Amino acid sequence: MRYFSFNDFLFILAATQWTILLSLLAFALGGLLGGIIAVLRISRFAPVRLAAAGYIQLFQGTPLLMQLFLIYYGLSLFGLRLDAWTAVTIAYTIYAAAFLGDIWRGCIQAIPKEQWEASRALALPYLPQLFLVIMPQAVRIAIPPTVGFLVQLVKATAVASIIGFVELTRAGQLMTNATFQPMIVYPIVAGLYFALCWPLSVWSQYLEKKLRVENIIGRKLEKANEQA
Amino acid sequence: MTYVFQFGIVFDRFPQLIEGALLTIRLAALAMVFGLTVAVICAYLRTSGPKPVRALVAVYVEGIRNTPFLVQLYIIYFSLPALGIRFEANEAALVAMVISFGAYATEIVRAGVQSVPAGQIEVGLALGLKRLQIYRFIVLFPAIKAVFPALASQFILLLLGSSVVSAISANELTAIANTLQSTTFRAFEVYIVVTLMYLAIAVAFRGFFASVYWFVFVRGRER
């Protein structure tokens, strides 16, 4: 048995990069897939809409751990030999896409339908309507909940440690096994997660406050008063 | 290289899986009841408590909401024994779930409390009610109503998130699945069936909450 040293702390700190990298990969790829899901979810064709809704239901209604197990064990059955990184990235992409797709669907639908009607009246076809009129407005309201989801995603990457993927939590386990000091190691691990997540949470709340409609109107009134 | 699915082997052991599922449901339901109690108290303290208490509740809520559930679980199960606080795996799982759900629910209930119009609280003050009475009789019901859907989704997250307590050998649904797959070597079949069981439980609870909402908040108000 040995004591928990500064080098052990550095080992845990270094593992944080894998947590960050996995979160960013899942966010980028999941965002891509999630964007497609969101657009399909509001499609005019019922079967497409239902398929997207089914995807969201399925992956929001089952545990992330099960999704990890199924992809980890499942794909290898079909002759696909996946290394841990690929399997975990696929699982988290699918997971993130289900949540982001649902969040963004809500943001698109929050845009008043008059916007659709007005752009329709200007004879815009569906896709330009969606991408040139609705999306630019939806993106504004989508930013705070998206940043909020990023916090959820960073925390969710801890689950990958259960299938042996080495990131922050797994590094903590390894260190506990080496030093037998869970009382020191796990609070440090929790502290590092907090250091990653808390700024994002605060930022998300700040953005939400800033973008809240009454605040925007309030700021405009203030400006008008200043000018008067 | 063709894989033959054998679901029969899983269904032979279905009673075990049902037992695991019942424990999962029991854990989640207990965590919800206790967690909601924590939340109602903390939401009150967070909005109307003395300043240091307010800060303390904020630290609890932010601390839990910005760290992974799995790490909280490890702290409770592996770290606390160093301080002489020892839990069995299932107890540790429940304690972690209560603490975690309590923090998320505090934030949700607080949002509900703040959505109650100030006029209603003033009416309570005018009637000479004490602050706790106002909270209990005027604010709480509409507050919970306003955030009921958010609480319901948070419960579903709790239910699904509970599958990670298998990591400390609590014997709920996922843990049973792990045991089954290591004895039958039918990992894919086991996990497919268990995943669908989780889905069924989640869908059933969504339906349950929708009907609770209707009976308590919609029909109850008509009378």
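Predicted model, so just to flag it, every value in this text is computed and none were measured. A, B, ... follow the sequence lines: proteins, then strands. Residue 1 opens every chain.
Rounding to the nearest 0.5 Å places CD of Glu62(B) at 11.0 Å from SG of Cys197(A). For the atom pair OG1 of Thr67(B) and CG of Leu192(A), the computed distance is 11.5 Å after rounding to the nearest 0.5 Å. For the atom pair OH of Tyr191(B) and CG of Leu68(A), the computed distance is 11.0 Å after rounding to the nearest 0.5 Å. Considering CZ of Phe59(A) and CG of Leu160(B), their distance stands at 13.0 Å, rounded to 0.5 Å. Rounding to the nearest 0.5 Å gives a distance of 5.0 Å between CG of Asn66(B) and CZ of Phe194(A).
Within the 4.5 angstrom heavy-atom criterion, no atom of Leu159(B) approaches chain A. Thr176(A) does not touch chain B: none of its heavy atoms, backbone or side chain, sits under 4.5 Å away. Looking at Gln181(B), only its side chain comes within 4.5 Å of chain A, counting heavy atoms on both sides.
Summarising the local packing, CD of Glu19(B) is surrounded by 12 or fewer heavy atoms from other residues, nucleotides or ligands at distances under 6.0 Å. Applying the 6.0 Å contact sphere to CD of Glu88(B) captures no more than 12 heavy atoms from other residues, nucleotides or ligands. Atom OH of Tyr206(A) sits in a sparse spot, with 12 or fewer heavy atoms from other residues, nucleotides or ligands closer than 6.0 Å.
The aromatic rings of Tyr74(B) and Tyr186(A) are tilted relative to each other, their planes meeting at an angle between 30° and 60°.
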>> Checking Val194(B) against Met66(A) for the side-chain contact (heavy atoms from CB on, under 4.5 Å) test, could you report, in this order, the C-alpha distance in whole Å, the side-chain angles of both residues, the deciding distance, and whether it holds?
In response: CA-CA 8 Å; Val194(B) 170; Met66(A) 287 296 124; 3.8 Å; yes
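Between Gly61(A) and Ala202(B), the shortest heavy-atom distance links the atoms O-CB, 3.7 Å. Contact record, Gln57(A) with Arg206(B): OE1-NH1, 3.2 Å, taken as the closest heavy-atom pair. Nearest heavy-atom pair across Arg65(B) and Val151(A) is O-CG1, 4.1 Å. Among all heavy-atom pairs drawn from Leu65(A) and Ser166(B), the shortest one is CD2-OG, 3.8 Å.
Looking at heavy atoms from C-beta onward, Val154(A) lies out of side-chain contact with Pro68(B) at the 4.5 angstrom threshold. The side-chain heavy atoms of Thr195(B) and Phe69(A), taken from C-beta on, include no pair separated by under 4.5 Å. A heavy-atom distance below 4.5 Å is found between the side chains of Ile162(A) and Leu70(B). Using a 4.5 Å cut-off on side-chain heavy atoms (C-beta onward), Val71(B) and Tyr193(A) make contact. Side-chain contact between Leu70(A) and Phe188(B): present, with at least one pair of heavy atoms (C-beta onward) separated by less than 4.5 Å.
Here Ser163(B) is the residue among Ala82(B), Ser163(B), Ala167(B) with the most heavy-atom pairs under 4.5 Å with chain A.
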